[in-house]
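Step one of this worksheet: look at the structure below.
We count ligands from 1, going down the list as the structure has it; atoms in each ligand are counted the same way. When a residue number appears, it is its place in the shown sequence, counting from 1. Side chains are part of it too, since the values below use all heavy atoms of this structure and drop only hydrogens, waters and symmetry mates.
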Amino acid sequence: MTDLTPPVAPSLSARARAALGRRNLVFVGLMGAGKSAIGRMTASQLGLPFVDTDAEIERVSRMTISELFAAYGEGEFRELETRVIKRLLRTGPRVISTGGGAFINEKTRKQIERGGISLWLKADLDVLWERVNKRDHRPLLKTENPKQTLENLMSQRYPVYALADMTVQSRDERKEIIVDEVLAAIVEYCTKGHKYE
Ligand SMILES: Nc1ncnc2c1ncn2[C@@H]1O[C@H](COP(=O)(O)OP(=O)(O)O)[C@@H](O)[C@H]1O
Ligand SMILES: O=C(O)C1=C[C@@H](OP(=O)(O)O)[C@@H](O)[C@H](O)C1
Ligand SMILES: [Mg+2]
């Protein structure tokens, strides 16, 4: 008997998973861009383990990010961040969401370049502000004018985030839509092999 079942096209998730192969996928971008939330959902779509580097740092140090900044300062936090990311990149594949400053640190950025493919979740100031001002766990934003601080960080950091392999616009749109755009970016970048913007 002939099989009359029509062929089923592989889903976007399956195509992205195949395109990624053994590589790690690393989310970078400013505070509030959605790295932690979108990273977790992307990992689930890809059927891969997810690690948020801030959560991992908090787990190994048994301190919150705010406590680490207060007790040891940003310099020590960056050292810890670099070590944690280096260790995570040694194995895989997995999805890794970094804290906003990780990719700015040259040592960490080089590690990410070697151990994975990077995706910048890019967002406008108003989108970022709307999201970060709801919570107060980000030590760098404990300033007199946190929105201005965020804007200053945008001008300093955006040229560096732009070095990422892929860029996806994070905006006032359902998270599922952003995740689909991330999956499409992976397919495009991994099959064509040039920067995706
Ligand atoms: N597309 C989106 N739409 C609405 N809220 C979002 C979206 N993406 C992220 N968020 C929310 O914005 C907040 C900040 O996101 P988070 O993932 O913590 O950002 P990051 O890790 O980049 O700092 C969270 O409350 C998250 O659920
Ligand atoms: O931008 C930064 O330098 C930081 C971003 C934070 O992570 P999110 O980007 O996930 O908020 C966290 O790592 C720390 O507060 C420092
Ligand atoms: Mg985060």
Distance from [atom] to nearest protein heavy atom, with residue and atom:
atom                    : value
atom 2 (C) of ligand 2  : G101 N, 3.3 Å
atom 2 (C) of ligand 1  : R131 NH2, 3.3 Å
atom 10 (N) of ligand 1 : K175 CE, 3.6 Å
atom 1 (O) of ligand 2  : R157 NH1, 2.7 Å
atom 15 (O) of ligand 1 : G34 CA, 3.7 Å
atom 12 (C) of ligand 2 : D54 OD2, 3.1 Å
atom 3 (N) of ligand 1  : E173 O, 3.5 Å
atom 9 (O) of ligand 2  : K35 NZ, 2.7 Å
atom 14 (C) of ligand 2 : I65 CG2, 3.9 Å
atom 11 (O) of ligand 2 : R138 NE, 2.7 Å
atom 17 (O) of ligand 1 : A37 N, 2.8 Å
atom 21 (O) of ligand 1 : S36 OG, 2.8 Å
atom 18 (O) of ligand 1 : R138 NH2, 3.5 Å

Can an N or O of [X] be found at a distance shorter than 3.5 Å from an N or O of ligand 1?
X    : answer
S170 : no
G32  : yes
M31  : no

First locate atom [atom1] of [X], then atom [atom2] of [Y], and finally report the distance between them rounded to the nearest 0.5 Å.
X    : Y    : atom1 : atom2 : value
N145 : K147 : CG    : NZ    : 9.0 Å
R22  : R94  : CZ    : CZ    : 10.5 Å
M41  : L183 : CE    : CG    : 10.0 Å
F103 : F27  : CZ    : CZ    : 13.0 Å
K107 : I85  : NZ    : CD1   : 12.0 Å

Examine all N, O or S atoms of S97, backbone included, and report whether one is under 2.8 Å from the Mg ion (ligand 3).
->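 No - counting backbone and side chain alike, S97 has no N, O or S atom under 2.8 Å.
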
Looking only at side chains, do [X] and [Y] share a donor and an acceptor under 3.5 Å apart?
X    : Y    : value
T98  : T53  : no
N152 : Q148 : yes
D52  : S36  : yes
S11  : R17  : no

Using non-hydrogen atoms of the residue, decide whether G29 is closer than 4.0 angstrom to ligand 1.
->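 No, G29 has no heavy atoms under 4.0 Å from ligand 1.
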
If you measure from each heavy atom of L30 to ligand 1, is any distance below 4.0 Å?
->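 In this structure, L30 qualifies as a contact of ligand 1 - some heavy atom is under 4.0 Å.
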
May I ask you to identify, for T53, whether its side chain, its backbone, both or neither come under 4.0 Å of ligand 2 on a heavy-atom basis?
->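 Neither; no heavy atom under 4.0 Å.
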
Any salt bridge linking [X] with [Y]? Criterion: basic side-chain nitrogen under 4.0 Å from a carboxylate oxygen.
X    : Y    : result
R138 : D54  : no
R78  : E74  : yes
R171 : E181 : yes

Close-contact set for ligand 2 against L140 heavy atoms, below 4.0 Å =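 Contacts of ligand 2 toward L140, numbered from 1: 2 (C), 3 (O).
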
Option with minimal heavy-atom separation from atom 16 (C) of ligand 2, where the choices are E58, R78, E74 |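 Heavy atom nearest to atom 16 (C) of ligand 2 belongs to R78.
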
Residue selection (non-hydrogen contact nearest atom 4 (C) of ligand 2) among G34, P139, G100 =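 The nearest heavy atom belongs to G100.
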
Spell out, as yes or no, whether a donor-acceptor pair under 3.5 Å connects the side chain of K195 to the backbone of A162.
->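 It does hold such a pair.
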
Do the ring centers of Y158 and W120 come within less than 6.0 Å of each other?
->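 Here the rings of W120 and Y158 have centres that are less than 6.0 Å from each other.
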
Stepwise, does the side-chain hydrogen bond (donor to acceptor under 3.5 Å, both in side chains) test hold for T82 with R87?
-> CA-CA 9 Å; T82 303; R87 172 169 58 77; over 6 Å; no

Is at least one protein non-hydrogen atom found at under 4.0 angstrom from atom 25 (O) of ligand 1?
->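 False for atom 25 (O) of ligand 1.
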
In ligand 1, which numbered atoms sit nearer than 4.0 Å to a non-hydrogen atom of R171?
->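 The list of qualifying atoms is 1 (N).
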
